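Whatever order the structure lists them in is the order used to number ligands and atoms, beginning at 1. We number each residue from 1, following the sequence as shown. When reading the values below, keep in mind they use all heavy atoms of this one structure, side chains included, and skip hydrogens, waters and symmetry mates. Keep in mind it's a predicted model, so treat the numbers as computed, not measured.
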Amino acid sequence: MAERRESIHGQWSGRWAFILAATGSAVGLGNIWKFPYITGENGGGAFVLVYLLCIAIIGIPIMIAEVMLGRRGRRSPINTMRHLAREEQASQLWQYLGWAGVVAGFLILSYYAVIAGWAVAYIFRTASGSFTGATADGVASIFSDLVSDPERLLAWHTIFMVCTMVVVARGVRSGLEKAVRYLMPALFVLLLVLVGYAMNTDAFVAGAAFLLTPDFHALFYQSNAQGVAELTAEPLLIALGHAFFTLSLGMGAIMVYGSYLPRQASIVKTSVVIALMDTLVALLAGLAIFPIVFANGLEPGSGPGLIFQTLPIAFGHMPGGAFFGSLFFILLAFAALSSAISLIEPAVAWLVENHGFTRIYATVWIGLLSWLLGVGSIFSFNIWSGEEYQLFGKTFFDLLDYLTANIMLPLGGLLIAIFAAWQMRRSSCRDELGLTDGLVFKGWYFLIRYVSPVAVTIVFLNAIGLLTF
Ligand code: PHE
């Protein structure tokens, strides 16, 4: 019986612990590093609008479905899918959805740890006062010095990966839960401080307008390699992919956290809270960053280095900047850590369940392999950055990011929606969500059954060129 199933890995101490952990997974580099730079690359407000729509009508319903599957299965995503498929008399092939998630998480972690390493490096840079009074050019050259040095990147990448392994190895309660309890609220407060700084720059209105005023021309017409504006639907896929990435959906992270969720907690309410907090953090990060971009004549579309080239300018000029700056990067590194741990938790839980690995042993294996793959992403910023090392005009890092965030996660999410809405009995869903057959349930069921699958399919086919309007 589903009701009495317990996870062998333990349980969260309560609903709030789950909210904190899942928010810890959701809020990370995706919100503070990636959201601003892809918004900058895709023309601003219209991109934000599409992203918000994706969160509301696709992300939240799929998050509810993912937590629901996890709590019903009470195992690692691979075993959860296998058991639920059996219970619901669906094909055993569904377990491969769990597998795909494990692979996606492992691939994401490999480059995630590299970028998180930049954040760790910046803790020390900021604390040492390197940015005090620095100009935009000075800040940019400090950044390019860092990323062009593979040895330094490797050192920071290694440090971050080891921290991730230590936390995961300690297990659900003592490791994961404690780490996020104080860090998330602190990060939030610091972002508010940064927005406060941005408000005092002359370009606050310009920055806020860039983020919040939709300009669909800027979204759909983007310069190609020759600098000619071309009509493209790809930004829609990037917005969709980011909705999955930022909410940690489509690869089992939220599913495995759901499997540690106590039975009484309301899945719908918790999912909405998590998605709202995640979105708020991303918008605050945008509000802090774009005014600085415009006040200093920087390029919003300058790519993955955006926050590392903008925020240090603010820290270099505000009173107590070295202190606030290093605190900010400490918190960013912790936000990244609380996301990173959820990226390998599905794989670790599976190795423990099926192969009798101890948690520590499982973590070390997955961490090591992912660390090794990360070296490819490190080289993407220096010795492999040239065109001869690119495929489809993308570096190894770009390719991994594109493949995981824009393809694997939306496909994983699509299959989660299909399983929940078309393979599971309606009564099983209602039972697990603890809902009556009222408006909330009907609304969710409609979104997950029709809206999310159709929307993901259309955006997907369109972006890969199989469907044109
Ligand atoms: N949501 C995390 C972030 O925004 C990244 C992540 C993706 C974590 C997928 C787990 C699973 O940084």
Can you report which non-hydrogen protein atom sits closest to [atom], along with the distance?
atom	answer
atom 1 (N) of ligand 1	F245 O, 2.7 Å
atom 12 (O) of ligand 1	Y112 OH, 2.5 Å
atom 8 (C) of ligand 1	S248 OG, 3.3 Å

Aromatic ring pairing [X]/[Y], orientation class (parallel under 30°, perpendicular over 60°, tilted between):
X	Y	answer
H242	Y51	tilted
Y112	F245	tilted
F210	F290	tilted

Closest approach of Y37 to G303 (non-hydrogen atoms, all atoms of both residues): CB-O, 3.3 Å

Pairing of R71 and E66 as salt bridge, 4.0 angstrom limit: no

Under 3.5 Å side-chain donor-acceptor pair for N382 and D149: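 Result is no, nothing qualifies.
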
Element-labelled atoms of ligand 1 that are located less than 4.0 Å from some non-hydrogen atom of [X]:
X	result
S25	1 (N), 2 (C), 8 (C), 10 (C)
L29	12 (O)
L343	8 (C), 9 (C), 10 (C), 11 (C)
A26	1 (N), 2 (C), 3 (C), 4 (O)

Part of M251 within contact of ligand 1 (heavy atoms, under 4.0 Å):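 The answer is the side chain.
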
V27-ligand 1 polar pair, N/O distance under 3.5 Å: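 No, since none of the N or O atoms of V27 sits under 3.5 Å from an N or O of ligand 1.
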
W422 CH2: over 12 foreign heavy atoms closer than 6.0 Å: yes

Min heavy-atom dist F244 to ligand 1 below 4.0 Å: no

